[in-house]
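Let me begin by presenting the structure, written as C-alpha cells, before commenting on it.
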Amino acid sequence: MTRIFLIFVLGVLLIACGSSKVVQNDLATAIPISTAINLSEVVNDKAPVMINPGRFTQDTVVYRMPKVIQGFYEVSDFGKFIEDFKAYDYNGNEMATIKQDVNSWTIANATQLDEIKYWVNDTYDQEKSGRFSGNEIPFSPGGTNIEADNYVLNLHGFIGYFDSLKDAQYTLNVTAPTHFERTSALQETSSTISVDGTQKTTSYYAPRYFDITDNPMMYGELDVEEFMVGDIKIVLSVYSPNKVHTATSLKETVYKMMKAQKSYLGDIDSTSRYDIYLYLSDESADAPRGFGALEHHTSTVVVLRERYNKEELAASVIDVVAHEFFHIVTPLTVHSEDVHYFDYNDPSFSKHLWMYEGVTEYFAQHFQVYEGLVDIQTYLTTIEKEINYAKYYDDTMSFTEMSEKIISQPYAANYANVYQKGALIGMCLDILLREESHGNRSMLSLMKELSHTYGIEKPFEDDTLIEEITAMTYPSVGVFLKTHVVGGTPIDYNTFFDKVGVHKADLQVECLYMESGEGVILEADKDNRTVFFNDAVKGNSFWVEQGVLANDVLLSVNRIKIIPENANTMIQHMYNWEPGDDIEVVIERNGKTMDIKTKLTKAFTTVKALTINKNATEAQVKLRNAWLHK
C-alpha cells in the first residue's frame, strides 16, 4: 500500500508541476492516467470529459468505450453517447482521429498525443426513444444521468481505456457545485474548493480500469444515510425527484435486511463498506424505465418507481438489493477467468450463469425465510411463482450453453430465466446437499468452500467447475448438474419437494378483485354489447359475499356506465382496487338491477398451491427444518 501511494503522489506531482511527460507503454503502467469530469460545465445534459494518458512510445493507439459491461449480459455500446471527440498534441493543436467503430477511436502520431476531450450524453434521456436495454439503450441501473439536480455516474459511461494500457492506474477529478451531496464507492484521495467557494473538485484513485467501472458515484440533491451493520458500513444514497421517499424512511428496512443477510452469510465477509445508490423514477418523459439493479463488488445502483408506497418500496428494495448484495459471494468472489479477465470490447462469457445469477437469486429469497423475515408459506408461494414464470422459457435449453452464448439468439431471449429456473436450480442443489450430508452441508456452505479455494483474485477454469463441485460434494450433485444444467432435461421439482415434505394442496390465498383461482371473472358479450361475470366468480370470496352470481351483467362501476368502448379501461381500474376503497357497482340479473354499495375487503380464492404436507414423515420434516430453519 505504501509503494502504491508513493507512486500515485509522484505521478500527481509530475503532472501538476508541468514536468516532462511520463512514458506510457505496455510495460510502464505505474503512472496513473489522469481523467476529469466537470459537472459544473454541463451543456444540454452533456458533461465534458478530459483524458490525459501520459506520453506514448507507440505510433498508434486506440481509445475505447465499453461495448459490454460486467454484470449485464447484453450489448450497451457506450461509445454512441460520446460526442465531439477530439485529440490534442502538446502544442494545443487538434490531431486527426479515426472512429474505428461505435466504441473505438484510433489516434495516429500517438507520441505527440497530450490529451483527449469529448462530451458525454446521458442515457436516461434517451430511453423515451428506444429500448431501455439491449443494443439500443443501456439498462437503467448501468446507465448515466446528467440533470441539474442529479448525476448518476456509472463511470463506464464516462471514462474509457486504451488498448495498450488496460492495466494502467487512473486518477479522476470530479468538479461540481459545492452544495452537492456526493457519494462514491471509489477511493477518495483529496478535495479542493474554488477561490470563490462555489465549486468543489474531488479527486479519486483507481488501481486499474476495472476499478473505474466497478465503483459508481451519485452527485446532486441526494438524501444520504450512513450506518453500521456489524462491521460493514452501509451508505444509502436516495434520489427521489418529488421528495416522496428519503434515505431515513428506508434506513430501517435496509438495516434489518442487511443484518439478516450478514447473519445468513456468517463468515463470508469480503467488504467493509457497501454503497446503495437508489434512483426513484417518477416515470416522466426523461425518467429511466429499466427497473432493477446492477451489482458491483462493494455497491449497487438501483432504479425503482417513486410512486410506490412505503410498503411496496420496502418490499422491492428487499428483493432487489438483497440479490445484489449476495453477489459478493458470486461472481464477485467465486468467478471464472471470463469474468476475471473481462474484455469490454470483445467479451467471452462464462458457462455458469446458473451460479452467478441463479444461486444469487436463490440466496436472496431463501435468506428471508431462513432468517425469519417471511413465513414458510410466503416463501413457498415465491417458489411457485418462479416455477410458473420459468414455463415461459425454453425448459430444454442447456443452461451452460445459454450462458456461454448469452448475447446471441435464441439464448438472449431466455436470459431472464436465470432468475427463475436458475434460482430453482439453486434450491434443488441446496436440498440435495442437505439430504446427502444429513443437514450438515448446503448450497451456502459449498459457496464458502469454493471461495476458500478461489477468491476475488483467483478465478476458476470455466470448463472444470462442475467436475470440481462433484469431487467436493457427492456423485448425485454431479449427476444433477450434468443432467439438468449442462443437459437440457427438465427438472421434476416434485421430486425435491417430496424430500422435504412439501406438496400441492387446496389453499386459500389472497387474489385480485377481477380474478379467482379459475381465472379472470369477467367476459364480454359482443352480440349484446355487455360485460358479465362468468363461472370463475364463484371462486372470488369478495363477490360471493356481495351475492354476485355467474351471468350477472355489469352495468356500471362508480356511476360510470359500462359499454364496449370503455370496458377495458374500467376493468383496468378495477384491477387497481385496494382494500378500504369505497365502490358502487350496479349489476343486472334476469332483467332486474341490484346495487352494491360497500367498502372493499380483501378477496380470497382457493387454489392448488405448494404447502407443507401435514402427513410428512419424520425424515421429511427433519430435512425440511434443516432447509428452512436456522
Side-chain angles (χ1 to χ4, degrees), residues 8-9 11-12 15-16 32-53 63 65-66 69 78 81-84 115-124 141-161 168-224 226 235 237-239 273 275-277 279 294 296 298-299 301:
F8 166 65
V9 172
V12 172
I15 295 171
I33 294 173
S34 176
T35 67
I37 304 170
N38 196 329
L39 303 180
S40 294
E41 294 184 359
V42 168
V43 177
N44 295 327
D45 293 347
K46 300 171 187 178
V49 173
M50 185 280 296
I51 310 293
N52 185 336
Y63 183 78
M65 297 297 293
I69 56 174
F78 281 96
F81 301 98
I82 303 302
E83 299 181 9
D84 200 22
E115 62 182 12
I116 294 169
K117 293 182 178 180
Y118 52 83
W119 293 81
V120 174
N121 199 350
D122 67 349
T123 69
Y124 284 8
T144 59
N145 191 47
I146 303 173
E147 297 290 343
D149 62 345
N150 176 265
Y151 298 83
V152 176
L153 305 180
N154 273 304
L155 295 176
H156 49 243
F158 293 86
I159 307 297
Y161 63 95
Q169 301 173 54
Y170 280 74
T171 62
L172 169 63
N173 290 334
V174 180
T175 300
T178 309
H179 70 275
F180 273 12
E181 288 284 351
R182 55 204 78 206
T183 52
S184 170
L186 197 61
Q187 178 186 340
E188 182 179 335
T189 57
S190 63
S191 63
T192 57
I193 304 295
S194 63
V195 175
D196 63 3
T198 62
Q199 305 299 315
K200 180 179 179 180
T201 298
T202 309
S203 300
Y204 303 92
Y205 167 73
R208 58 192 178 112
Y209 184 67
F210 164 77
D211 297 284
I212 287 287
T213 65
D214 192 46
N215 291 281
M217 302 176 177
M218 189 180 279
Y219 272 55
E221 304 294 337
L222 316 178
D223 191 37
V224 182
E226 298 183 6
V235 182
S237 304
V238 177
Y239 174 68
R273 171 175 168 157
D275 281 80
I276 301 168
Y277 304 95
Y279 185 107
L294 181 67
H296 299 276
T298 61
S299 63
V301 178

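Looking at residues two or more places apart in sequence or on another chain, you find a side chain to side chain donor-acceptor pair (under 3.5 Å) between R273 and D275. Partners of T35 under the side chain to side chain donor-acceptor pair (under 3.5 Å) rule, at least two apart in sequence or in another chain, do not exist in this structure. Not counting sequence neighbours, the partners of P177 by the side chain to side chain contact (heavy atoms under 4.5 Å, CB included) test are S40, H179, F180, Q199. D196 is linked by a salt bridge (charged side-chain N to carboxylate O under 4.0 Å, His left out) to nothing, counting only residues two or more places apart in sequence or in another chain. For T192, there are no side chain to side chain donor-acceptor pair (under 3.5 Å) partners, not counting sequence neighbours.
Looking at T123, its side chain does come within 3.5 Å of a backbone N or O of T144 through a donor-acceptor pair. Using modelled atom types, no side-chain atom of Y205 and backbone atom of T189 make a donor-acceptor pair closer than 3.5 Å. Checked by atom type and distance alone, the side chain of Y219 never pairs as donor or acceptor with a backbone atom of S184 at under 3.5 Å. Under the 3.5 Å distance criterion, the side-chain polar atoms of H156 are left unmatched by any main-chain donor or acceptor of F78. Formation of a donor-acceptor pair under 3.5 Å by the N154 side chain with backbone atoms of P141 is found in this model. Under a 3.5 Å cut-off, the side chain of T175 and the backbone N or O of T201 do not form any donor-acceptor pair.
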Carefully, step by step, assess N44 and N121 under the rule side chain to side chain contact (heavy atoms under 4.5 Å, CB included). CA-CA 9 Å; N44 295 327; N121 199 350; over 6 Å; no
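Applying the salt bridge (Lys or Arg N to Asp or Glu O under 4.0 Å) rule to pairs touching residues 169-192 yields nothing, sequence neighbours excluded.
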